[in-house]
2 protein chains.
Amino acid sequence: MNSFDAPQDAQASPSSSSTGVKLGELENILGFHLRLANVAVFQDYQVTMAGLSLTPKQFAVLELIETNPGASQIDLANCLRMDKASMMALVNKLEGRNAIERRQSENDRRRQELFVTEDGLALANTARNLRAAHEARFKDRFSEDEVAQLVSYLRRIYASTTTALLDDDGE
Amino acid sequence: MNSFDAPQDAQASPSSSSTGVKLGELENILGFHLRLANVAVFQDYQVTMAGLSLTPKQFAVLELIETNPGASQIDLANCLRMDKASMMALVNKLEGRNAIERRQSENDRRRQELFVTEDGLALANTARNLRAAHEARFKDRFSEDEVAQLVSYLRRIYASTTTALLDDDGE
DNA sequence: TATTGTTATACTCTATAACTATA
DNA sequence: TATAGTTATAGAGTATAACAATA
């Protein structure tokens with residue numbers, strides 16, 4: 001199925017990378033392409049968001065708290081597959097710039113419920129506006145259907161990720 | 001085009017992630033899905049390659065040197081978009097376990113040409129064998145044409161990455 | 001003057017472990 | 001006994017900057 005549109009953007013097989021280095025077997029490793037794509041997006045993100053001092057993960061946490069007011073740190077850590085201590089550091093940074101605030105839960109006094117502040121909302125809006133250009137820069141290379149298909153492929157890759165914790169490609 | 005197969009694996013929109021956290025706008029960010037996919041692949045890689053102590057990047061460098069005997073550190077750094085000092089550290093690790101060796105170039109005595117040793121070849125073979133299962137675990141979720149299409153999509157994302165340096169998703 | 005490799009250094013992100021306070 | 005948060009710490013990976021040797 002869909003064999004009709006598979007090879008149409010083969011783009012001259014990138015056997016070298018500006019220098020004369022051949023990729024060889026690396027060409028066949030899904031994770032290799034995935035990582036390069038990730039790097040490309042991350043670099044563009046950094047250039048675009050320069051000055052905002054908001055990493056992709058911080059941005060994600062900010063959005064998650066906005067979408068889920070009162071969420072706990074552990075909720076977020078699980079969602080983003082991070083350690084709770086790592087999330088602590090991340091939340092501290094956002095709190096340090098008054099983007100979010102902690103409020104002790106009344107039902108369970110162990111929990112700190114997280115909320116986006118006025119400043120945080122402004123930051124999120126600024127970030128979203130900047131990010132729009134960044135996002136468009138990549139999505140413009142695809143039709144709407146292609147984006148949907150790419151995302152569905154990516155979901156197929158991370159779908160089964162049962163539990164686990166942790167970092168990024170790490171490397 | 002290809003609208004026919006776009007939504008077919010929608011998989012119940014992952015609005016939550018085991019906890020009740022809704023992803024919200026994050027759903028529409030390409031980099032978010034890319035990163036989760038990257039994390040999933042990396043985690044599986046780590047579990048699969050446990051004990052080998054060979055990170056994906058070290059593995060990539062080993063393969064690159066095998067494919068390009070005599071390549072220099074700067075060649076590899078450019079290819080993988082890393083800093084030359086970072087590549088130095090990486091090469092040191094591989095040399096430290098006798099997987100590769102440096103030989104001063106006779107034409108240009110500034111250059112250190114890199115070669116895979118016997119031990120390195122054995123390591124690469126072991127790694128390739130282990131990795132095969134890891135790779136299959138993900139590729140099995142796609143038809144051959146789908147893999148080709150996914151890779152072509154990913155290439156479209158990192159294609160234009162002109163120069164730049166650096167890390168991974170960083171985050 | 002530019003390039004390759006090198007070293008030293010600092011920074012960021014992450015995890016682990018131990019602790020507290022609640023439950 | 002388990003959970004949420006916290007703190008301190010250590011490790012890995014990376015970049016920056018300065019320097020040596022060579023081109």
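Throughout, protein chains are lettered first and strands after them, A, B, ... in sequence-line order, and every chain is numbered starting at 1.
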Specify the closest pair of heavy atoms between A:Glu135 and B:Ile29, including all atoms of both residues, with the distance to one decimal.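 Residues A:Glu135 and B:Ile29, closest heavy atoms: OE2-CA, 3.4 Å.
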
Mind listing the closest non-hydrogen atom pair of B:Asp75 and B:Arg111 along with its distance?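 That would be OD2-NH2, 3.2 Å.
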
Is NZ or CZ of A:Arg131 both nearer than 6.0 Å to the six-membered ring centre of A:Tyr45 and within 45° of the ring axis?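 No, A:Arg131 does not lie over the aromatic ring of A:Tyr45.
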
In whole angstrom, what separates [X]'s [atom1] from [N]'s [atom2]?
X	N	atom1	atom2	value
A:Arg110	D:dA4	CZ	C1'	6 Å
A:Asn92	C:dT14	CG	C1'	14 Å
A:Asp83	C:dT14	CG	P	10 Å
A:Leu114	D:dT6	CG	C1'	14 Å
A:Met87	C:dT12	CE	P	19 Å
A:Met82	D:dG5	CE	P	13 Å
B:Leu90	D:dA12	CG	P	13 Å
B:Leu76	C:dT6	CG	P	13 Å

Any non-hydrogen side-chain atom of A:Glu101 less than 4.5 Å from a side-chain atom of A:Val116?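 A side-chain contact is absent here, since even the closest heavy-atom pair is not under 4.5 Å.
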
Can you sort out which residues in residues 99-109 of chain B have a heavy atom within less than 4.0 Å of DNA chain D? Ascending by number, please.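 The answer is B:Asn107, B:Asp108, B:Arg109.
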
Parallel, tilted or perpendicular for B:His33 and A:Tyr158, by the 30°/60° rule?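 B:His33 and A:Tyr158: parallel rings.
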
What orientation do A:Phe138 and A:His134 show, parallel under 30°, tilted 30 to 60°, or perpendicular over 60°?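 The rings of A:Phe138 and A:His134 stand perpendicular, inter-plane angle above 60°.
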
Ignoring hydrogens and angles, are the base of C:dT4 and the side chain of B:Arg111 linked by a donor-acceptor pair under 3.5 Å?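 Checked by distance alone, the answer is no.
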
Find the distance between OG1 (A:Thr55) and CG (A:Leu94) and round it off to the nearest 0.5 Å.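 Answer for the OG1-CG pair, A:Thr55 versus A:Leu94, is 8.0 Å.
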
Among [options], which nucleotide sits nearest the side chain of [X]?
X	options	answer
A:Thr55	D:dA4, C:dC13, C:dA17	C:dC13
A:Gln112	D:dA4, D:dA17, D:dT6	D:dT6
A:Ser72	C:dT4, D:dT16, D:dG5	D:dG5

N/O (side chain, [X]) to phosphate O (OP1/OP2, [N]) under 4.0 Å:
X	N	result
B:Lys84	D:dA15	no
B:Lys57	D:dA12	no
B:Ser86	D:dG13	no

